[in-house]
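Just so we're on the same page: letters track the sequence lines, and every chain starts at 1.
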Number of protein chains: 2
Amino acid sequence: MTKQSQELTQKDTRERILDAAELMFMQHGYDGSSMRTVTSEAGVNLAAANYHFGSKEALMQAVLRRRLDVINQERMRLLDEAEAKAGGKPLKPSVIIDCFFGTLLRVAADQKAGGETFLRLLGRTITDPSDFIRTFMSSEYADVLERYKEALFRSLPDVPKAEIVWRFHFMLGATSYAITGTDSLRLVTDWQVDEGVAEQEENLLPRLMSFLLGGLRAPLPKIEISVEEAASAPFVK
Amino acid sequence: MTKQSQELTQKDTRERILDAAELMFMQHGYDGSSMRTVTSEAGVNLAAANYHFGSKEALMQAVLRRRLDVINQERMRLLDEAEAKAGGKPLKPSVIIDCFFGTLLRVAADQKAGGETFLRLLGRTITDPSDFIRTFMSSEYADVLERYKEALFRSLPDVPKAEIVWRFHFMLGATSYAITGTDSLRLVTDWQVDEGVAEQEENLLPRLMSFLLGGLRAPLPKIEISVEEAASAPFVK
DNA sequence: CTAGAATTAAAACGAACGTTTGAATTAGAG
DNA sequence: CTCTAATTCAAACGTTCGTTTTAATTCTAG
């Protein structure tokens with residue numbers, strides 16, 4: 001059997017498992033989902049999941065990788081493009097933020113039948129307690145995060161780097177929580193009964209963008225920085 | 001046996017279970033923690049947990065309630081106090097934000113041996129996939145959220161209420177993610193090896209506060225609002 | 001068509017799970 | 001002290017978990 005035909009025959013089962021796993025992991029979390037519910041939801045045999053992916057952990061990684069690769073490649077491409085166009089000059093913060101967070105929302109919302117689901121899965125995954133997930137996400141994001149941090153440092157030369165790292169951190173949190181959608185605190189209750197899901201995404205992006213930029217460019221807090229702390233501040237290279 | 005002596009004798013076991021559960025739930029999540037690891041960590045018999053709390057779900061609720069009650073009562077008290085002092089005039093956004101988010105960080109950080117742990121547990125709990133946790137948090141937070149939303153509406157009369165609700169939502173996300181601490185993406189890597197944990201908390205508050213206020217007061221996004229959407233916007237009463 | 005690899009299918013494995021049971025132990029009230 | 005209720009304890013319950021095994025089936029290259 002050739003490689004090409006393998007992929008064709010596997011594609012059905014593999015992708016059905018990935019789709020079902022994406023949905024179940026989003027709805028019930030990694031620990032809350034079982035291989036049995038995933039495979040039965042996918043309409044395939046239980047053993048097929050272990051045959052194609054090896055283990056539940058590997059399945060989770062495959063679910064995440066399928067979408068994250070696309071998103072992170074697009075993030076890199078857009079930042080390269082913007083920096084090339086700027087010709088050595090620092091980028092505007094709004095451009096950087098849009099490349100990073102805007103890409104996430106746009107790409108994830110674009111992909112038919114799964115983008116929305118993945119977006120919410122990602123929001124939960126970022127705070128997932130499982131060690132292997134945190135390790136995986138860390139390695140998966142290392143390059144792109146380093147790239148964007150450097151871009152922000154150049155973009156905001158007067159802001160301490162430690163402060164930028166903190167605010168990037170806060171922005172990630174606001175975004176991850178925003179896209180989780182199902183508001184655990186029911187802050188937003190009667191939600192889009194008449195309208196489609198797409199419309200929510202459309203409006204989420206500009207709203208979130210305004211918030212993130214406002215936070216990123218907020219006045220610096222007044223903190224007494226001790227000498228020792230300044231020396232050990234993160235990422236002051 | 002009198003009620004008082006009951007509480008005294010139960011206190012040891014009950015609180016040891018609560019402390020251990022708080023720690024395990026924080027470290028491994030609700031689904032990732034077992035009654036066996038919790039009770040063995042607490043140094044008590046397995047059945048003691050079900051005896052004192054009835055079930056694993058009830059144990060989780062007791063863990064959350066123990067700290068949330070204190071925090072939310074303090075939130076209510078401070079807002080009452082601030083509004084009484086203002087004498088009918090709207091409060092400044094910074095005051096409201098400090099009452100809500102500042103109280104969380106201060107009270108949780110104050111409580112000896114557990115405040116820090118609970119803070120991180122709460123960060124994860126807010127995005128936990130379990131249905132019963134979301135339901136519990138929703139009901140536990142309903143009153144205080146309603147109170148703070150109203151205060152923000154009065155504080156920012158020119159900002160559409162829907163926008164305020166969105167930004168409250170984003171602020172919750174930034175905070176919950178910020179206090180989760182263990183950065184899943186390792187954005188902050190070499191972290192306070194020399195310094196204690198307390199110092200992180202000290203600096204987190206002003207940093208987070210600046211970010212939240214910047215986001216809250218950011219320029220409004222440009223969104224085309226259709227008539228239908230405006231009519232069904234959340235919480236426009 | 002046929003040999004052989006790839007895939008699917010059914011069944012079972014041992015381990016870990018939340019919970020329950022019933023006896024043993026502890027502690028306070030009269 | 002004695003009786004009774006509260007608590008602790010060891011053991012087991014039935015279920016579900018991720019994974020493995022082994023056989024049946026499907027598909028394709030030659």
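- We find that CZ of B/R16 is positioned 14 Å from C1' of D/dT7, with the value rounded to whole Å.
- No side-chain heavy atom of A/D19 sits less than 4.5 Å from a side-chain heavy atom of A/R16.
- In this structure, A/S33 reaches the sugar-phosphate backbone alone: every heavy-atom distance under 4.0 Å involves primed, P, OP1 or OP2 atoms, never a base.
- Between the CG atom of B/D31 and the P atom of D/dG18 there is a distance of 11 Å, rounded to whole Å.
- Between A/E22 and A/R66 there is a salt bridge, with a side-chain nitrogen of the basic residue lying less than 4.0 Å from a carboxylate oxygen of the acidic one.
- For C/dT8, one of the phosphate oxygens OP1 or OP2 lies less than 4.0 angstrom from a side-chain nitrogen or oxygen of A/T13.
- In this structure, CD of A/E57 is placed 17 Å from P of D/dC17, rounded to the nearest angstrom.
- Annotation: cation-pi geometry not satisfied between A/R167 and B/F211 (NZ/CZ under 6.0 angstrom from ring centroid, within 45° of ring axis).
- Per the geometry, CE belonging to A/M60 stands 13 Å off P belonging to D/dG18, to the nearest Å.
- Between the CE atom of B/M35 and the P atom of C/dA16 there is a distance of 18 Å, rounded to whole Å.
- Side-chain proximity of A/N50 to the nucleotides D/dT20, C/dT8, D/dT8 is greatest for D/dT20.
- The side chain of B/S34 contributes an N or O atom lying less than 4.0 Å from OP1 or OP2 of C/dC17.
- Between B/N45 atom CG and C/dA23 atom C1' the separation is 13 Å, expressed in whole Å.
- Judged purely by distance below 3.5 Å, without hydrogens or angles, the side chains of A/Y141 and A/R75 pair a donor atom with an acceptor atom.
- Shown here for B/N50 and B/S55, the closest heavy-atom pair between the two residues is OD1-CA, 3.6 Å.
- In this structure, of C/dA10, D/dT19, C/dG18, it is C/dA10 that holds the atom nearest to the side chain of A/A47.
- If you take CG of B/L46 and C1' of C/dT21, they are 13 Å apart, rounded to a whole angstrom.
- Contact annotation: A/H52 does not reach the phosphate of C/dA6 (side-chain N/O to OP1 or OP2, under 4.0 Å).
- Among the heavy atoms of the strands, none lies under 4.0 Å from A/T37.
- In terms of position along DNA chain C, the nucleotide closest to A/G43 lies nearer the 5' end than the nucleotide closest to the other residue of the pair A/G43 and A/R36.
- Straight-line distance from the OH atom of B/Y51 to the C1' atom of C/dG22: 14 Å, rounded to whole Å.
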